[in-house]
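Heads up: the structure comes next, in structure tokens.
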Amino acid sequence: MRVEIWSDIACPWCYIGKARFEKGLAAFAHRDDVEVVHRSFELDPHRAKGDTGPVLEMLAKKYGRTLDEARAMEAHVASNAHAEGLEYLADGRDHGNTFDIHRLLHLARERGRQNELLDLAYRANFAEERSVFDDETLVALAVEAGLDETEARGVLADPSAYADAVRDDEREAAELGANGVPFFVLDRRYGVSGGQPAEVFTQALEQAWQGRALQPVGGAATDAEACGPDGCEVPPRA
């Protein structure tokens with residue numbers, strides 16, 4: 001069985017959702033027969049390369065909140081990350097265009113190192129004070145994931161390298177009805193949206209394996225946090 005996961009490095013619920021999915025997969029009896037493929041989805045595709053800024057300022061501006069309220073929003077996400085055993089910096093991170101990261105992830109998939117690079121990129125973005133919007137950081141992460149440095153630099157130097165692959169993933173997401181991430185598709189028959197609890201993923205895998213009716217592609221098993229083009233779910237004002 002193949003599970004395809006659309007996500008973006010800038011999406012905190014993708015970071016959390018990946019951890020929850022992996023816990024759900026670990027509890028699935030046929031886990032060794034599941035192929036997991038990560039696909040591209042940009043939350044801010046129109047942002048220019050090099051246009052980066054603090055996450056808290058971006059959140060405050062996007063939602064019309066104060067910086068203190070933006071910190072509270074990030075603290076809410078951080079508490080969910082910590083509950084999954086993930087490190088999370090609620091302050092000090094930056095935000096930018098993720099197109100180059102997605103292009104490198106396609107190279108990593110061809111070299112059998114996609115999951116390794118994805119984990120390193122998530123950790124750098126959400127748990128470390130390292131900007132994933134800097135070419136040298138991306139090269140360092142690629143090498144750490146087991147990719148060839150010269151090949152990684154070549155991809156970053158050529159804007160067309162794997163660009164079509166990224167766009168194809170994004171076009172498929174739109175065709176499947178995904179307007180936010182993370183978005184999970186099981187055998188191109190069933191879809192699960194958002195950072196669901198681990199047990200929801202286990203149940204979805206079991207139902208898909210047995211061929212029972214689950215949720216049509218484009219739907220969500222239950223409500224769960226996700227990020228879309230307009231941002232991530234925002235806690236209501238106190």
Side-chain angles (χ1 to χ4, degrees), residues 4-19 21-22 36-59 74 77 81 86-173 181-183 227 229 231-232:
E4 297 165 276
I5 306 173
W6 273 263
S7 59
D8 192 9
I9 296 298
C11 165
W13 294 113
C14 296
Y15 175 48
I16 295 167
K18 183 176 187 293
F21 170 78
E22 289 173 349
V36 179
V37 177
H38 295 278
R39 300 211 177 273
S40 303
F41 190 107
E42 295 172 274
L43 290 172
D44 199 356
H46 303 297
R47 194 180 188 106
K49 178 175 180 175
D51 179 13
T52 61
V55 165
L56 289 179
E57 292 182 9
M58 180 274 292
L59 291 172
E74 279 288 272
V77 179
L86 300 172
E87 296 181 53
Y88 192 94
L89 292 174
D91 200 347
R93 294 187 294 109
D94 59 1
H95 178 74
N97 180 282
T98 57
F99 189 61
D100 283 348
I101 307 170
H102 286 298
R103 295 195 299 116
L104 275 182
L105 284 166
H106 276 278
L107 167 66
R109 182 187 174 194
E110 287 188 355
R111 301 295 179 264
R113 309 300 295 175
Q114 186 184 52
N115 193 63
E116 288 80 2
L117 180 57
L118 185 59
D119 280 341
L120 289 167
Y122 275 140
R123 188 179 72 190
N125 188 46
F126 291 111
E128 302 172 345
E129 293 185 354
R130 301 170 71 185
S131 175
V132 294
F133 309 106
D134 171 77
D135 282 358
E136 289 304 313
T137 298
L138 291 180
V139 170
L141 292 173
V143 172
E144 190 176 347
L147 298 178
D148 178 76
E149 179 178 348
T150 300
E151 192 170 32
R153 288 189 183 278
V155 169
L156 292 175
D158 178 5
S160 68
Y162 298 99
D164 288 344
V166 175
R167 298 304 183 213
D168 286 345
D169 279 357
E170 293 174 334
R171 182 169 56 253
E172 283 192 86
V181 286
F183 184 65
C227 295
C232 301

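For reference, positions follow the sequence shown, starting with 1.
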- What one should report as the nearest heavy-atom pair of Val155 and Arg103 is O-NH1, 2.8 Å

- Item | By side-chain hydrogen bond (donor to acceptor under 3.5 Å, both in side chains) - contacts of Tyr88 (at least two apart) | Glu74, Arg93

- Query: What pairs with Glu136 under side chain to side chain contact (heavy atoms under 4.5 Å, CB included), at least two apart in sequence or on another chain?
  - Reply: Asp134, Arg153

- Task: Could you check if a side-chain atom of Trp13 sits within less than 4.5 angstrom of a side-chain atom of Pro182, using non-hydrogen atoms only?
- Result: yes

- Item | Interatomic spacing from CG in Leu104 to CG in Asp100 - rounded to 0.5 Å | 7.0 Å

- Note on the structure: With sequence neighbours left out, the residues meeting salt bridge (Lys or Arg N to Asp or Glu O under 4.0 Å) with Arg39 are Glu4, Asp169

- Message: Looking at every non-hydrogen atom in both residues, tell me the closest pair between Asn125 and Val132 and how far apart they are.
- Response: OD1-CG2, 3.8 Å

- Task: Output the distance between atom OG (Ser131) and atom CG (Leu138), rounded to the nearest 0.5 Å.
- Result: 8.0 Å

- Note on the structure: When every non-hydrogen atom of Phe21 is compared with those of Val36, the smallest separation belongs to CE2-CG2, 3.9 Å

- With sequence neighbours excluded, tell me which residues meet side-chain hydrogen bond (donor to acceptor under 3.5 Å, both in side chains) with Arg113. none

- Item | Thr98 side chain reached by Phe133 side chain, heavy atoms, under 4.5 Å | yes

- Tell me, with the steps shown, if Glu42 and Arg167 meet side chain to side chain contact (heavy atoms under 4.5 Å, CB included). CA-CA 10 Å; Glu42 295 172 274; Arg167 298 304 183 213; 2.5 Å; yes

- Item | All pairs passing salt bridge (charged side-chain N to carboxylate O under 4.0 Å, His left out) where residues 154-166 contributes a residue, at least two apart | none

- Just checking, any donor-acceptor pair under 3.5 angstrom between side chains of Ser40 and His106? yes

- Gap separating the NE2 atom of His95 from the CE atom of Met58, nearest 0.5 angstrom: 4.5 Å

- Lys49 versus Phe99: any side-chain heavy-atom pair under 4.5 Å? no

- Message: I'd like to check the side chain to side chain contact (heavy atoms under 4.5 Å, CB included) partners of Glu110; sequence neighbours left out, ordered by chain and number.
- Response: Tyr162

- Item | Qualifying residues under side-chain hydrogen bond (donor to acceptor under 3.5 Å, both in side chains), relative to Asp51, sequence neighbours excluded | none

- From Leu147 atom CG to Arg111 atom CZ, the distance as rounded to the nearest 0.5 Å: 8.0 Å

- Message: Restricting to non-hydrogen atoms, name the atom on Asp94 and the atom on Val55 that form the minimum distance, rounded to 0.1 Å.
- Response: O-CG2, 3.3 Å

- Mind checking the CD1-CD1 spacing from Ile101 to Ile9? Nearest 0.5 Å is all I need. 5.5 Å

- Query: For Thr52, which residues count as a side-chain hydrogen bond (donor to acceptor under 3.5 Å, both in side chains) partner, sequence neighbours excluded?
  - Reply: none

- Item | Set of residues satisfying salt bridge (Lys or Arg N to Asp or Glu O under 4.0 Å) with respect to Glu22, sequence neighbours excluded | Lys18

- One should read off an interatomic distance between Trp6 CH2 and Phe183 CZ, to the nearest 0.5 angstrom, of 7.5 Å

- Which residues satisfy the salt bridge (Lys or Arg N to Asp or Glu O under 4.0 Å) test with Arg171, sequence neighbours excluded? Asp168

- Query: Which heavy-atom pair separates Val77 from Pro12 by the least distance, and what is that distance?
  - Reply: CG1-CB, 3.5 Å

- Item | Closest heavy-atom pair and its distance - Cys14, Tyr122 | CB-OH, 3.2 Å

- Under the side chain to side chain contact (heavy atoms under 4.5 Å, CB included) test, residues paired with Ala145 that sit two or more places apart: Glu116, Leu117, Leu120

- Message: Tell me every residue that passes side chain to side chain contact (heavy atoms under 4.5 Å, CB included) with Ala127, counting only those two or more places apart in sequence or in another chain.
- Response: Tyr15, Glu87, Arg123

